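Numbers restart at 1 for each chain; the letters A, B, ... are given by sequence-line order, proteins then strands. Computed from a prediction, not measured in an experiment: that's the story for all the values here.
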Amino acid sequence: MDIRTVVGECLEMWRNPYPYLARLREEGERPVAFFCSYTPEEILHAAGLTPVRLMGAVRTITHADAHLQSYCCSLARTDLDMALAGELDYLEGAVFVQTCDTMMRLSDIWRRNTSFPFHGDLVLPIRMGEEVSLPFLVEEIRIFRQKVEEFIGRSIWDDALEESIHVYNRNRRLADRLYRLRREKPGARDGLTATACLVAGFWMRRERHNELLHQLLEDAEGREAVETDRLPLLVSGSVCATPDLYELLAELDAEVVDDDLCCGHRYFDAYTDESISPEEALARRMWERVNCPAKHQCLENRADRLMRQVGDSGARGVVFFLQSFCEPHLFDIPYLRNRLQEELGVPSLVLESELQSFSRGQLRTRLQAFLETIRGV
Amino acid sequence: MSNGDERREEMEKEEKERRRIKSGAAMRELMTKYYMEAKAAEGTERHIAWITSGGPVEPLIAFDVIPVYPENHGAMCGAAHMNVELCEVAESRGFSRDLCSYARGDIGSAITKGGPIGGLPRPTFLVACNNICNTVFKWYEELSRFFDVPLFVFDTPFVRGELPPHHLKYARAQMEEYISFLERITGREYDEAHFVEVAARSLTASGLWAEILACNESRPAPMTCFDAFILMAPIVTLRGTQEVVDFYQGLLGEMRERVEQGIGILPSEKYRLLWDNIPVWYEMRNLGRLFMELEACLVADTYTSAWTFQGVETEDPLEAMAAIYTEVYLNINLERMAEKIESLARRFEVDGMVMHSNRSCKPYSLGQYDLAKEFTRRTGKPALIIEADHTDSRWYNRAEVEGRIRDFVENLLGQGATV
Ligand code: SF4
Ligand code: SF4
């Protein structure tokens, strides 16, 4: 496939991954859904299952309202709605990682009201990066592995798991290269298509995604850098269920030079150590990686990390893109915005998304106004 | 006014006085003294720690630290109808209106020293335990930045089913860390014997509290859970001290007497209801009046019973505390919550349940729709869900809520309520 077709397909997937997921099943894969970037996908992968990510959908809620209040984030609501409507029946099940209070309760609600063959829970500590929590995390991973083994009816061999860890590490290396390239060779691959190609990996087997990223990198590396006068921005937040934000920014002549998204840079941060036992290695990676706001601490404080990223990428503004009602993210906003302004003089904009009442027009107006203030027009 | 009217009024007054809970005064005294002492300690050598309501307070008491509870203060601000303005202060600093209103109000009060008692005394350190929610550690991170003081996070991962051993180990390890943290901050040494004493008093108080709540099993109920919401302040804030044990001994005596003499809290108790979630603090009076008028007594609730810790069979006091604090009501899965609700419903022989869907509190509220259904399935009794927020009255629609409560109670008869 030529690169334009590949990129086009990734964009299409980002807009609506669900037909692709259904097709995965037809192709003989056994998809298991996950929501959170802390999921140890390697274990599922090694078990012959295909982890796929649910990131919400733009839709009207019909079934989930009987189970979730309206003050719950739209990721939880729309994902549950699809499941209850029977639109996700091709899934083997889902894995719930405890990050926020919403996910913690959603797991029970999901389990009680659906009948997928597999239901996985992973309870994470919130104290990441501190000695005291590591043994707990290793044990959770071990129990999770057991649960998956029970489900597939056989054990997952260590060498299979090591192989999967290798595949995922390779994926992270490729993603990292893609991000670096965006910075070092502007114009070779823009933020919209690079992110689309990264996100598309959530809906295919990792090996295939590695090939795809490889092809993309080869293409981009062969291109010349082009100077652009697009306004450099950084996007921070949870997940972008659709490419709209990125598309609008591109239309408005801005370029996303880096991100702090859990479907972006935070997803592939840190590698799994291939020289120690796989369970401990998986635990350690989660424990060391840049933390999500639902976690306390970590080796590098999230705010410091964001300052560094903004400084390094040369972003002149930060767009926070969050889900309405998302407490962990919303709590950090005042502090992060203050630090950006005071330390770096970088202005920021907060956008909240509610997928059940998504309006591209409104988004555009707010972005336009923000870009105008930065440009000083 | 005719003589007859006067006499009737006189009798009504007497009757009201007879029904009034007398220990309320002792409690107000206790709480006033506590807040005065805490405020007086500001800026002195004494350490003041802000701690979450579900946090292990016993080590603080053992180290002679004054514990201060922003949630209790938040309830107070809510009841005094002052929390909205405090929330607005936080909102003007960029905190979203969708964050828990205890947190918003507390941040607002930290900034302006606002509220009925002129704000809380400045902490010298902070303790956050996420057994009630994950909001608290985000909130306390903010406090820690604001006051520039250390924060200890006591992490109690969510429990599904039985308490797994690695959870207990993790909590136990943090208990030790907590103790070392306190040694470092206060410059004192850990005295296990003293700690055990404090823990024992805490368990005694919580046992008394459980007995007090159990008095409501009788008909008529000697108090409503709205009274319990107020009377629980000492168990939340001061458990581990002797004063609290004394106070609850007194209260238990009063409750038993009421039971013996058949003194109910309502003039007439026709229905018995279970309440779920944190009170709607700014509406307690109105809702109390409404339930009284409807002759419906809120005899039990899931909130106040969260402070009835069961003793744990172990020689190791730190482990016992670790286990208690990990398995609190909000930190368990829906099935276990349903069991607790069902057991309350049976013990207190309720005719139905009123659930406060509390916009502020996701761990308490998400899942209520399923719990309501489960409650009805298990007990055959109806459940009502009302929408509100515990201290942000801007989300509250009184007419609608009261109308729904009225309809609900009026329909109870048709649904097999035993009158
Ligand atoms: S968007 Fe926020 S509230 Fe929703 S699931 Fe993610 S972390 Fe939780
Ligand atoms: S979210 Fe709920 S448990 Fe947490 S502080 Fe607010 S009211 Fe309390």
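When B:Asn333, B:Ile385, B:Ile107, B:Leu151 are compared by the number of non-hydrogen pairs under 4.5 Å with chain A, B:Asn333 comes out ahead. For the options A:Ala294, A:Cys72, A:Ser70, heavy-atom pairs under 4.5 Å to chain B are most numerous at A:Ala294. The candidate from B:Glu176, B:Glu141, B:His166 with the greatest count of non-hydrogen atom pairs under 4.5 Å with chain A is B:His166. For chain B, the option among A:Asp332, A:Leu106, A:Val350, A:Ile333 with the highest count of heavy-atom pairs below 4.5 Å is A:Asp332. Ranked by non-hydrogen atom pairs under 4.5 Å with chain A, the options B:Val153, B:Asp98, B:Asp155 are led by B:Asp155.
More than 12 heavy atoms of other residues, nucleotides or ligands shown are found within 6.0 angstrom of CG on A:Asp304. Within 6.0 Å of CD on A:Glu343 lie more than 12 heavy atoms contributed by other residues, nucleotides or ligands. Counting heavy-atom neighbours within 6.0 Å of A:Lys147 NZ, excluding the residue itself, gives a total of 12 or less.
With a threshold of 4.5 angstrom between heavy atoms, A:Glu140 approaches chain B through its backbone and through its side chain. For A:Ala76, no part lies near chain B; criterion is any non-hydrogen pair under 4.5 Å. Only the side chain of B:Glu387 has a heavy atom closer than 4.5 Å to any heavy atom of chain A. Heavy atoms of B:Arg93 lying under 4.5 Å from chain A belong exclusively to its backbone. Using a 4.5 Å cut-off between heavy atoms, A:Pro125 contacts chain B through both its backbone and its side chain. In this structure, chain A has heavy atoms under 4.5 Å from both the backbone and the side chain of B:Phe158. Proximity to chain B (any heavy atom under 4.5 Å) is shown, for A:Val132, by both the backbone and the side chain. Heavy atoms closer than 4.5 Å to chain A are found in both the backbone and the side chain of B:Ser357. The contact between A:Asp121 and chain B is made entirely by side chain atoms (from C-beta outward), counting heavy-atom distances below 4.5 Å. Interface residue A:Thr99: only backbone heavy atoms are found under 4.5 Å from chain B. For chain A, no part of B:Arg97 is nearby; none of its heavy atoms comes within less than 4.5 Å. Within the 4.5 angstrom heavy-atom criterion, atoms from both the backbone and the side chain of B:Lys138 approach chain A. With a 4.5 Å cut-off on non-hydrogen atoms, B:Leu371 does not touch chain A at all.
At a threshold of 4.0 Å, the pair A:Glu139-B:Lys169 does not count as salt-bridged, since none of the basic side-chain nitrogens sits closer than that to a carboxylate oxygen. In summary, A:Arg111 and B:Glu335 engage in a salt bridge, as defined by a charged side-chain N under 4.0 Å from a carboxylate O.
Residues A:His67 and B:Tyr369 place their aromatic rings such that the two centres sit no closer than 6.0 Å.
Of all heavy-atom pairs spanning B:Ser365 and A:Tyr71, the tightest one is CB-OH, 3.1 Å. In terms of heavy atoms, A:Met104 sits closest to B:Pro363 at CE-CB, 3.9 Å. When all heavy atoms are compared, the tightest approach of A:Arg105 to B:Ile332 is NH1-O, 3.0 Å.
A 4.5 Å side-chain heavy-atom check between A:Thr102 and B:Leu366 finds at least one atom pair inside the cut-off. No side-chain heavy atom of B:Lys362 sits under 4.5 Å from any side-chain heavy atom of A:Gln69. The side-chain heavy atoms of A:Glu327 and B:Ser96, taken from C-beta on, include no pair separated by under 4.5 Å. Proximity of A:Phe325 to B:Arg359: side-chain heavy atoms (C-beta onward) are separated by under 4.5 Å at one or more points.
Side-chain N or O atoms of A:Gln98 include none that pairs as donor or acceptor with a backbone N or O of B:Pro157 at under 3.5 Å. Using a distance-only test at 3.5 Å, with no hydrogens or angles considered, no donor-acceptor pair links the side chain of B:Asn134 to the main chain of A:Cys100. Checked by atom type and distance alone, the side chain of A:Asp108 pairs as donor or acceptor with a backbone atom of B:Leu334 at under 3.5 Å.
B:Asp370 CG to A:Ile109 CD1: the interatomic distance, rounded to the nearest 0.5 Å, is 5.0 Å. From B:Phe95, atom CZ reaches atom CZ of A:Phe331 across 7.0 Å, with rounding to the nearest 0.5 Å.
Geometrically, A:Arg127 engages B:Phe152 in a cation-pi contact defined by less than 6.0 Å to the ring centre and at most 45° from the axis.
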